[in-house]
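The structure appears right after this line, and notes come after that.
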Amino acid sequence: MAQTVHSAAATATSTTQPDVELRQVVKTFGAEVAVHDLDLAVQQGEFFSILGPSGCGKTTTLRLIAGFETPTAGDVLIQGANVSTVPAHRRPVNTVFQSYALFNHMTVKDNIAFGLKIRRLGSAQVRDRVAEALRLVRLEAMANRYPAQLSGGQQQRVALARALVNRPAVMLLDEPLGALDLKLRKQMQVELTNLHRQLGISFIMVTHDQEEALSLSDRIAVMNNGQIEQIGTPSDIYDRPRTPFVADFIGDTNLLAGQIEQTYPAQVQVTTDRGLRILAQSTGSRASQAVVVSIRPENIGLSLSAPAAVHNCYQGHISHLMYLGTHLHCVVRLSSGETLTVRQPNRAESLGVDAAVYVHWATTDCLVLDAA
């Protein structure tokens, strides 16, 4: 998965005052707990993504920052000020929604100017600020068009300009690219990255798209059931997930449940529920502990003949094969009964359904995670 070059905010120290901070925030709707004891801090100028499945609480978290919801308990701080009870229109943030929420009866420039006119800025100041926003999103030539005359990507840029014209301290993005087709979404990811670099303000984005979060973010918070499972850089989240949920949600992985059978100075041996024995790097796990072994599909080697690998080498048959251009997506059923997903580069070696194969991986290419 491609990653952009992230901003220097990724290395911001904890001594810097965060742009946004949530302290033990709880949000309930009747008996339902949408957000539970949430703590997070977004540093100045950071591109921060909140990632998770539908219903995990990520949109509610964004709405708490925006001021569209009030926390049941805890505090929301923006640039050091407690804004928990401050209404949305008085917070130094602006939100871009998936639906764009443009006024169809207004031109592009009038859509962008709307918030400035509500604040009663002078006409010359409004004109200059709108012109600046149009230049920023490269829509100067579209100023007098109406939303219905624009493409989806152009409408998204108008929504961004309308938010940016108010010069917010923090930009909030609620599934901003979800309504776009794949090719346009890729183009807009580049646009967002460039805007973030130019402006130097904090972006907080909610998304369920793992690749989008990995490619755009300085840091990512993965949410599940109203709580944060892990916060880290894209490489931390992908290469060093701390829980089976994070490993499974970010990208593709194979999860094999079992328990620690033997411990060694630098390695552990895990026996899966179906009797497969896997050697992995030690993570401080103890003997008899219930664990889950995670192996990314791209880390699994596949061959028609027995490889030289001594550990983690197993026989099986290809039960499913998909050609995906640059690579092959294989499902291999092992002799033990386990099923593994394997991603292989597209190559000359002929592979087919029902072919007898060997799969293998290094001890450093699998992670042992606490099953709890």
Side-chain angles (χ1 to χ4, degrees), residues 19-22 25 27 29 34-35 38 40 42 46-71 76 78 83-84 86-103 111-112 114-115 133 137 147 152-182 184-193 195-196 199 201-224 226-228 231 249:
D19 264 353
V20 175
E21 191 173 6
L22 274 63
V25 168
K27 181 60 182 178
F29 297 96
V35 173
L38 197 65
L40 69 83
V42 178
E46 189 172 28
F47 200 126
F48 190 94
S49 291
I50 304 173
L51 179 66
S54 297
C56 72
K58 60 185 185 295
T59 297
T60 299
T61 301
L62 197 77
R63 290 176 63 83
L64 287 164
I65 298 169
F68 302 136
E69 301 289 352
T70 303
V76 177
I78 298 177
V83 297
S84 302
V86 174
H89 68 276
R90 291 181 54 200
R91 299 189 185 191
V93 303
N94 273 98
T95 307
V96 177
F97 300 97
Q98 179 179 344
S99 62
Y100 313 143
L102 301 177
F103 299 115
N111 264 281
I112 296 170
F114 182 78
V137 297
Q154 289 167 339
Q155 289 182 42
Q156 182 61 279
R157 295 213 296 268
V158 175
L160 285 166
R162 188 176 59 182
L164 292 169
V165 78
N166 292 305
R167 297 177 180 172
V170 179
M171 175 76 85
L172 305 178
L173 305 163
D174 186 7
E175 301 275 6
L177 310 181
L180 305 178
D181 62 58
L182 179 60
L184 190 52
R185 190 157 64 242
K186 297 286 188 186
Q187 293 172 355
M188 285 304 299
Q189 286 174 8
V190 176
E191 299 277 0
L192 274 179
T193 302
L195 271 175
H196 179 246
L199 296 166
I201 65 174
S202 297
F203 279 31
I204 302 177
M205 180 176 72
V206 157
T207 182
H208 65 273
D209 188 316
Q210 301 100 339
E211 185 174 342
E212 191 167 276
L214 289 168
S215 63
L216 292 175
S217 310
D218 294 316
R219 285 192 304 147
I220 299 169
V222 182
M223 286 192 72
N224 183 31
Q227 296 179 302
I228 291 177
I231 296 178
F249 189 76

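We use all heavy atoms of the structure for the numbers below, so side chains are in, but hydrogens, waters and symmetry mates are not. Fair warning: this is a prediction, and the values are worked out from it, not measured in the lab. This chain uses plain numbering: 1 for the first residue, then up along the sequence.
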- request: Could you check Thr59, Thr207, Ile220, Thr61 and say which one makes a side chain to side chain contact (heavy atoms under 4.5 Å, CB included) with Ile50?
  value: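 Exactly one option meets the side chain to side chain contact (heavy atoms under 4.5 Å, CB included) with Ile50, and it is Thr61.
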Of all the heavy-atom pairs spanning [X] and [Y], show the shortest one and how long it is.
X      : Y      : answer
Ala66  : Thr95  : CB-OG1, 3.8 Å
Ser84  : Pro71  : O-CD, 3.7 Å
Ser215 : Gln189 : OG-OE1, 3.5 Å
Ile112 : Val165 : O-CG1, 3.3 Å
Leu102 : Gln155 : CD1-O, 3.8 Å

Indicate yes or no for a side-chain donor-acceptor contact from [X] to the backbone of [Y] under 3.5 Å, with no hydrogens or angles considered.
X      : Y      : answer
Arg63  : Glu69  : no
Asp19  : Val42  : no
Arg219 : Ile231 : no

- request: For a salt bridge (Lys or Arg N to Asp or Glu O under 4.0 Å) with Lys186, tell me which candidate from Glu212, Glu211, Glu191 qualifies.
  value: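 Single pass found, and it is Glu211.
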statement: Those residues at least two apart in sequence (or on a different chain) that pass ring pair (Phe, Tyr, Trp, His ring centres under 6.0 Å) with Phe68 are none
Can you tell me how far [atom2] of [Y] sits from [atom1] of [X], rounded to the nearest 0.5 angstrom?
X      : Y      : atom1 : atom2 : answer
Met223 : Thr60  : CE    : OG1   : 8.0 Å
Leu172 : Arg91  : CG    : CZ    : 9.5 Å
Ile204 : Met171 : CD1   : CE    : 11.5 Å

message: Test: salt bridge (charged side-chain N to carboxylate O under 4.0 Å, His left out). Region: residues 162-179. Which pairs qualify, not counting sequence neighbours?
response: Glu132-Arg167
task: Take the angle between the ring planes of Phe203 and Phe47 and call it parallel below 30°, perpendicular above 60°, tilted in between.
output: tilted
